[in-house]
Amino acid sequence: MSAAYQPRAIEGKWQQKWEATQLYRATVDWDKPKHYALTMLPYPSGDLHIGHWFAMTPSDARARWMRMKGYNVLFPMGFDAFGLPAEQAAISRNIHPWKWTYANIERMREQLRSMGAMFDWEREAISCTPEYYKWSEWFFKRFYENGIAYRGSALVNWSESLQTVLANEQVIDGKDERTGQPVIHKMMEQWFFAITKYADELLNFEGLDWPNAIRIMQTNWIGRSEGARATFHTADGGHKIEIYTTRPDTLWGATFMVLAPEHDLVSKITTAEKRAAVERYIDEVAVETEVERMKEHREKTGVFTGAYAINPVNEERIPIWIADYVMITYGTGAIMAVPAHDQRDFEFARAHDLEIRVVIQPEAMQEPLQAADMDAAYDGPGTMVNSAPMDGSVSSQAKGRANAAISRVLDWLEATGKGQEAVNYRLHDWLISRQRYWGGPIPMMYEGGEIIPVPDAELPVELPEDVDFMPTGRSPLTYHEPFYKVDATRRRETDTLDTFMCSSWYQLRYLSPRCDSAPFDPEEAAYWLPVDVYTGGAEHAVMHLLYTRFFTKVLRDIGVYDDAAAAMRRHGRDPAGAFDEPMTVLRNQGQVLGAERQGDFVLCSGAQAGEKLLARRVEVVDWNAVPAGFDGVFGEIAHRTENVLHVTMAGVTQFVEVLPSAEVIIPDIPGENTVNQLRHHLDIQRMSKSKGNVVNPDELVEQYGADVVRCYLMFNFDWQKGGPWNENNIKGPQGWLHDVWEIVAAGAPTGSGDPAAERDIERKLHQTIAVIDRGLEAFSFNTAIAEQMKFKNAFKAALRAGGIGAGFWQETVSAMIRLLAPFAPHIAEECWERLGGDYSVHTQPWLEYDAEKAREDTVELVVMINGKPRETIAVAADIAREQAQELALASAAAQRSLGGKPPKRSIFIPGRNKTSPKVNIVL
RNA sequence: GCCUCCGUAGCUCAGGGGUAGAGCGCUCCCUUGGUAAGGGCGAGGUCAUGAGUUCAAAUCUCAUCGGAGGCUCCA
């Protein structure tokens with residue numbers, strides 16, 4: 001065995017052997033328990049970055065661990081290959097999206113292989129291939145037949161820069177989440193999926209082990225609220241106006257109504273004399289982007305329509321206004337305004353001099369609340385007033401039926417037919433069509449006004465390749481006649497599917513990527529589903545992770561899983577609940593961020609000129625090393641623009657202009673120094689090409705080897721948190737693997753060993769196993785590795801001390817290598833072979849934790865006086881209470897403190913796990 | 001504004017009612033034929049702050065301060 005650990009020499013070799021022997025091929029075996037581990041598939045952008053490694057290699061370690069524990073593990077990989085970047089590349093660089101995407105996939109496959117992950121490449125699925133999108137289309141048709149997919153008109157998000165509509169989930173703060181360009185609202189006819197039908201079921205996370213944050217985000221996004229719908233009529237009786245409210249107990253306080261400017265009724269009810277003003281306002285609002293409209297603290301603008309409505313609860317005549325603070329996209333797009341008890345309505349009423357009427361009297365107040373005295377709406381608890389026949393009902397702060405007043409009003413509304421109890425959702429149906437080329441075709445045709453599905457036998461509708469990419473941003477499909485012109489009367493749909501549809505079911509395609517008769521093989525599904533552990537980024541909380549849950553539920557309801565369920569029953573597995581959710585356990589990794597850097601600490605001297613110092617001398621010194629009596633500006637360089645330094649000290653920033661003639665002294669940089677060599681503070685931030693803080697995993701692998709990079713990523717971060725990159729720390733895992741290598745390379749010692757030392761190592765080994773198991777179970781990869789480092793340190797020390805015999809060495813090193821295998825698969829395989837183990841270390845059984853072996857024989861009994869440790873006494877680990885207390889009382893420390901008097905109390909705390917037994921003597 | 005999560009060594013992180021831990025970094029010493037390296041010794045922490053519960057609080061409770069993420073005219 002060559003002396004030095006040289007990753008390059010072994011990693012390629014083993015990657016090839018693993019592939020040649022199909023070591024990671026996962027096949028159905030009903031005699032073994034299954035484990036479907038899945039990590040989010042990448043978009044083939046062309047280069048694997050460190051984030052992919054961070055997401056995938058710990059998941060790989062965990063999958064390997066499960067495999068060694070006896071599970072039949074499926075850990076597939078593929079590509080989410082449709083999407084805009086490919087199309088942008090086509091437009092800007094004249095490369096066809098097929099070519100661009102496939103070239104990237106080829107490259108990324110190689111990079112993925114360098115990780116040494118146990119991906120089963122036989123199951124690779126690529127969403128942009130006809131074999132794949134045939135089934136995306138097939139699902140679309142099934143959804144259409146079952147009333148889930150429909151074509152409808154709605155106010156949608158239109159991105160001018162991308163020339164396409166976007167789903168609500170893809171718009172953040174009124175901007176397209178990809179480009180950051182503002183979107184506008186536009187009325188368009190589009191394809192939708194009726195995800196709102198599943199809103200209530202999607203709110204139920206029972207049986208799911210998902211991060212709390214994701215559950216909260218999805219719950220917020222769905223935005224269920226309970227309240228009432230009520231129908232107001234215009235005063236002339238000509239029109240009905242539906243409103244939704246969560247506070248039906250304040251209906252009697254409605255003193256005006258507000259419609260969203262986009263509301264259908266606006267044009268119908270506006271009086272002739274107000275028409276001009278109303279139309280002007282609508283035009284103003286229409287050109288506002290979402291961004292402008294969402295600005296905080298903006299003035300409540302609006303105009304009166306001239307029309308009046310009748311409040312159904314008290315027959316009062318109230319004015320109807322339009323205002324942009326009412327959103328057409330929420331509820332019914334119209335509200336009853338209760339200025340006394342809703343802050344927005346209050347502000348609007350004050351701005352436009354509208355009546356404010358108190359209908360909830362706060363209990364605590366002596367005097368009745370007067371509208372004129374209010375400076376804000378009152379939304380606390382109280383008693384209903386001015387609300388005959390509901391006066392006296394008590395409104396708590398509870399929502400919905402839990403509030404007595406609301407409950408009573410709801411009953412009354414239903415009984416009188418003036419309104420109904422209602423549930424409202426913030427969630428809208430999923431807008432699925434895109435005006436783009438590089439996506440799955442929508443298998444629909446139009447003939448006259450009719451929608452005709454493409455027959456199943458003709459699927460897939462293939463994307464034509466011979467298209468021209470126009471810089472206009474329009475989809476080439478819309479002017480590709482052979483594609484859209486089916487025959488003289490029928491025209492094909494030229495919109496394509498949102499890529500999130502393709503990724504909503506990829507976990508099913510992995511089961512049988514070459515299956516041609518169905519989207520997936522039911523026999524495979526019966527065994528593997530559902531996904532047991534899913535890992536990926538939290539940024540998909542309300543997109544992919546919500547969509548795929550919805551998708552799974554629809555497939556279940558329309559019978560797509562029926563054959564799989566039957567197969568399950570044949571194999572004696574109960575299919576109940578197996579198809580309700582796609583992924584049982586979900587964990588999100590954090591993000592690896594760009595490195596933080598301290599700015600230089602400088603001493604600047606010169607002449608003060610107003611706000612800033614004109615420096616004639618700038619010296620970089622050790623952090624905080626300020627000479628006594630220094631009277632210039634000193635501190636960290638927080639920022640530098642040309643020759644102006646922002647120097648901060650204790651939170652105060654001072655400005656220093658370095659004169660061209662100034663002397664700059666940087667001890668670490670020899671020769672003459674310039675102002676440009678001064679380093680300013682660098683914040684932790686996302687890695688991006690423009691910031692130049694991107695870490696290239698290929699270079700790291702080249703330098704340190706894949707195993708070291710894997711271990712560094714797992715050891716140096718809290719996986720679920722992420723953090724700043726700091727390459728210095730790679731030396732820790734590197735040194736560890738070097739040491740392991742050297743221990744194996746050195747071979748068994750020749751001495752006979754010391755039973756006590758060996759027993760100690762055996763104990764530590766089993767304690768280590770327990771920590772690794774716990775760490776992997778909890779995705780705490782860093783603790784699992786830290787514990788192995790500790791064990792290595794202890795073993796190495798014992799070896800040096802000559803306490804280890806040959807037989808024990810073999811046994812222990814063999815165990816150590818098996819424990820290492822999930823984390824550093826290549827070096828473990830090489831060491832395993834050199835130890836004489838059978839191929840492969842990755843198919844060896846995992847080490848069984850033995851509590852008896854992990855037990856300490858003697859431990860330190862801690863004697864505490866008033867809770868402060870004072871002395872230790874070596875005792876048997878299983879020492880009894882009485883004996884321990886006797887020993888403690890007899891100890892020198894206790895005798896000294898007690899001074900002959902009996903203690904007030906003496907408390908025995910038995911040792912557990914890794915803590916020592918203790919006796920606390922209270923004086 | 002609301003909702004989550006988090007403040008432990010210089011850095012990145014474990015632990016978590018009962019003696020404060022790891023890796024890196026740092027001091028000093030040794031090796032200089034594993035050498036863009038190895039071995040050894042050591043320093044460094046009122047566990048964000050303040051109160052409470054307890055025989056005992058870094059750990060539990062509450063408040064405050066600081067940080068991260070999410071939602072936000074949601075009727």
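Values below: all heavy atoms of this structure, side chains included; hydrogens, waters and symmetry mates excluded. Lettering follows sequence order; numbering is per chain, from 1.
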Participant: Please state the C1' separation for the pair B:U31 and B:G38 - nearest whole angstrom.
Facilitator: 7 Å
Participant: Without decimals, in angstroms, what is the distance between A:Tyr325 OH and B:C74 C1'?
Facilitator: 13 Å
Participant: Measuring only the C1' atom in each nucleotide, how far is B:C6 from B:C47? A whole number of Å is fine.
Facilitator: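 14 Å, rounded to whole Å.
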Participant: For the pair made of CH2 in A:Trp719 and C1' in B:A14, what is the distance, rounded to whole Å?
Facilitator: 18 Å
Participant: Could you tell me how far apart A:Tyr330 (OH) and B:C71 (P) are, to the nearest whole angstrom?
Facilitator: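 Between P of B:C71 and OH of A:Tyr330: 16 Å.
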Participant: Base, sugar-phosphate alone, or nothing: which one does A:Gly302 contact when heavy atoms must sit under 4.0 Å apart?
Facilitator: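 Contact class for A:Gly302: none.
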Participant: Who passes side-chain hydrogen bond (donor to acceptor under 3.5 Å, both in side chains) against A:Gln218, sequence neighbours left out?
Facilitator: A:Arg549
Participant: Which nucleotide sits closest to the side chain of A:Met327: B:C73, B:G34, B:C71?
Facilitator: B:C73
Participant: Do A:Tyr704 and A:Lys731 come close enough that some side-chain heavy atom pair is under 4.5 Å?
Facilitator: no
Participant: Could you tell me whether A:Phe781 and A:Phe715 have their ring centroids closer than 6.0 angstrom?
Facilitator: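 Distance test on ring centres: not under 6.0 Å, no.
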Participant: B:C74 phosphate, OP1 or OP2: any side-chain N/O from A:Arg344 under 4.0 angstrom?
Facilitator: yes
Participant: Side chain of A:Thr255, backbone of A:Ile356: donor and acceptor closer than 3.5 Å?
Facilitator: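 Side chain of A:Thr255 to backbone of A:Ile356: no pair is present.
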Participant: Tell me if the side-chain of A:Lys300 makes a donor-acceptor pair with the base of B:C73, cut-off 3.5 Å, by modelled atom types.
Facilitator: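 For A:Lys300, whose side chain was compared with the base of B:C73, there is a donor-acceptor pair (under 3.5 Å).
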Participant: Taking the P atom in each of B:C24 and B:A37, what is the distance between them to the nearest angstrom?
Facilitator: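 My reading of the P atoms in B:C24 and B:A37 gives 13 Å.
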Participant: Output the rounded distance in Å from CG (A:Asn212) to P (B:U4).
Facilitator: 9 Å
Participant: Find out whether the Lys NZ or Arg CZ of A:Lys300 is both under 6.0 angstrom from the six-membered ring centre of A:Phe348 and within 45° of the ring's axis.
Facilitator: no
Participant: Return the set of residues passing salt bridge (Lys or Arg N to Asp or Glu O under 4.0 Å) with A:Asp707 (not counting sequence neighbours), or none when no residue passes.
Facilitator: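 Here no residue qualifies.
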Participant: Write out a two-atom table: protein N or O, nucleotide N or O from nucleotides 27-32 of chain B, distance below 3.5 Å.
Facilitator:
none

Participant: Quick check: on RNA chain B, is the nucleotide nearest A:Val542 upstream (toward 5') of the one nearest A:Ser225, or the reverse? Name the residue that is more 5'.
Facilitator: A:Val542
Participant: With rounding to whole Å, what would you report as the distance between B:U64 and B:C2 at their P atoms?
Facilitator: 11 Å
Participant: For Watson-Crick and G-U wobble pairs within 3.5 Å on both distances, what is RNA chain B written in dot-bracket notation, | included for inter-strand pairing?
Facilitator: (((((((..((((....[..)))).(.(((.......))).).....(((((..]....))))))))))))....
Participant: Could you measure between the two C1' atoms, the one in B:G17 and the one in B:G10, and give it in whole Å?
Facilitator: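 The answer is 30 Å between these two C1' atoms.
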Participant: Who pairs with A:Glu539 by side-chain hydrogen bond (donor to acceptor under 3.5 Å, both in side chains), at least two apart in sequence or on another chain?
Facilitator: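 Residues passing side-chain hydrogen bond (donor to acceptor under 3.5 Å, both in side chains) with A:Glu539: none at all.
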Participant: In whole angstrom, give me the gap between the C1' atoms of B:C62 and B:A75.
Facilitator: 35 Å
Participant: Looking only at atom C1', what distance separates B:A51 and B:G42, rounded to whole Å?
Facilitator: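 Those two atoms are separated by 38 Å.
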Participant: Let me know the distance between CD1 of A:Ile222 and C1' of B:G70, rounded to the nearest Å.
Facilitator: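 A:Ile222 atom CD1 is separated from B:G70 atom C1' by 15 Å.
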Participant: Could you tell me how far B:G52 sits from B:G15 if I compare only their C1' atoms? Round to whole Å.
Facilitator: 24 Å
Participant: Where do N or O atoms of nucleotides 51-58 of chain B meet protein N or O atoms at under 3.5 Å, pair by pair?
Facilitator:
| unit_1 | atom_1 | unit_2 | atom_2 | d |
| --- | --- | --- | --- | --- |
| B:C55 | OP1 | A:Arg905 | NH1 | 3.2 |
| B:C55 | O2 | A:Asn920 | ND2 | 2.2 |

Participant: Can you label the angle between the A:Phe779 ring and the A:Trp719 ring as parallel, tilted or perpendicular, going by 30° and 60°?
Facilitator: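 If you compare the ring of A:Phe779 with that of A:Trp719, the planes turn out parallel.
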Participant: In whole angstrom, what separates A:His540's NE2 from B:G70's C1'?
Facilitator: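 Rounded to the whole Å, the gap is 16 Å.
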Participant: Test side chain to side chain donor-acceptor pair (under 3.5 Å) on A:Thr768 and A:Glu787; report intermediate values, then the result.
Facilitator: CA-CA 6 Å; A:Thr768 301; A:Glu787 204 63 18; 4.7 Å; no
Participant: Any N/O pairs under 3.5 Å between the protein and nucleotides 40-48 of chain B? List them or say none.
Facilitator:
| unit_1 | atom_1 | unit_2 | atom_2 | d |
| --- | --- | --- | --- | --- |
| B:G40 | OP1 | A:Arg800 | NH2 | 2.3 |

Participant: Report the residues that fulfil salt bridge (Lys or Arg N to Asp or Glu O under 4.0 Å) with A:Arg224, sequence neighbours left out, ordered by chain and then residue number.
Facilitator: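 A:Arg224 satisfies salt bridge (Lys or Arg N to Asp or Glu O under 4.0 Å) with A:Asp200, A:Glu226 once adjacent residues are dropped.
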Participant: If the plane angle is over 60° it's perpendicular, under 30° parallel, otherwise tilted; pick one for A:Tyr712 and A:Trp725.
Facilitator: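 The arrangement is perpendicular - the two ring planes meet at more than 60°.
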Participant: Using the salt bridge (Lys or Arg N to Asp or Glu O under 4.0 Å) criterion, which residues pair with A:Arg426? Sequence neighbours excluded.
Facilitator: none
Participant: Between A:Asp342 and A:Asn782, name the one whose nearest nucleotide on RNA chain B is closer to the 5' end.
Facilitator: A:Asn782
Participant: Please state how far atom CD1 in A:Ile785 lies from atom P in B:U12, giving the value in whole angstrom units.
Facilitator: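 Those two atoms, CD1 and P, are 19 Å apart.
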Participant: Can you classify the ring geometry of A:Tyr5 versus A:His738 as parallel (below 30°), tilted (30 to 60°) or perpendicular (above 60°)?
Facilitator: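 Answer is perpendicular, since the angle exceeds 60°.
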Participant: Parallel, tilted or perpendicular, judged at 30° and 60°: which one describes the rings of A:Tyr378 and A:His341?
Facilitator: perpendicular
Participant: Between A:Tyr244 and B:A75, is there a side-chain N or O to OP1/OP2 distance below 4.0 Å?
Facilitator: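 Result: no.
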Participant: Applying salt bridge (Lys or Arg N to Asp or Glu O under 4.0 Å), name anything that partners A:Arg587, two or more places apart in sequence or on another chain.
Facilitator: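 For A:Arg587, the residues satisfying salt bridge (Lys or Arg N to Asp or Glu O under 4.0 Å) (neighbours in sequence not counted) are A:Asp209.
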Participant: Do you know the tightest heavy-atom contact between A:His263 and A:Gly333?
Facilitator: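 Shortest heavy-atom separation between A:His263 and A:Gly333 comes out as CD2-O, 3.4 Å.
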Participant: Dump the pairs, protein N or O against N or O of nucleotides 19-24 of chain B, anything under 3.5 Å, distances to one decimal.
Facilitator:
| unit_1 | atom_1 | unit_2 | atom_2 | d |
| --- | --- | --- | --- | --- |
| B:U19 | OP2 | A:Lys918 | NZ | 3.4 |
| B:G23 | OP1 | A:Asn793 | ND2 | 3.0 |
| B:C24 | O2' | A:Asn729 | OD1 | 2.9 |

Participant: Could you walk me through whether A:Lys792 and A:Ile743 pass the side-chain contact (heavy atoms from CB on, under 4.5 Å) check?
Facilitator: CA-CA 9 Å; A:Lys792 180 271 296 173; A:Ile743 288 169; 4.2 Å; yes
Participant: Tell me: CD of A:Gln734 to P of B:G25, nearest whole Å?
Facilitator: 11 Å
Participant: Where does B:G34 fall, syn or anti, if syn means a chi angle no more than 90° from 0?
Facilitator: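 Syn conformation here, the glycosidic angle of B:G34 being no more than 90° from 0.
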Participant: For A:Asp718, which residues count as a side-chain hydrogen bond (donor to acceptor under 3.5 Å, both in side chains) partner, sequence neighbours excluded?
Facilitator: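 Not a single residue meets the side-chain hydrogen bond (donor to acceptor under 3.5 Å, both in side chains) criterion with A:Asp718.
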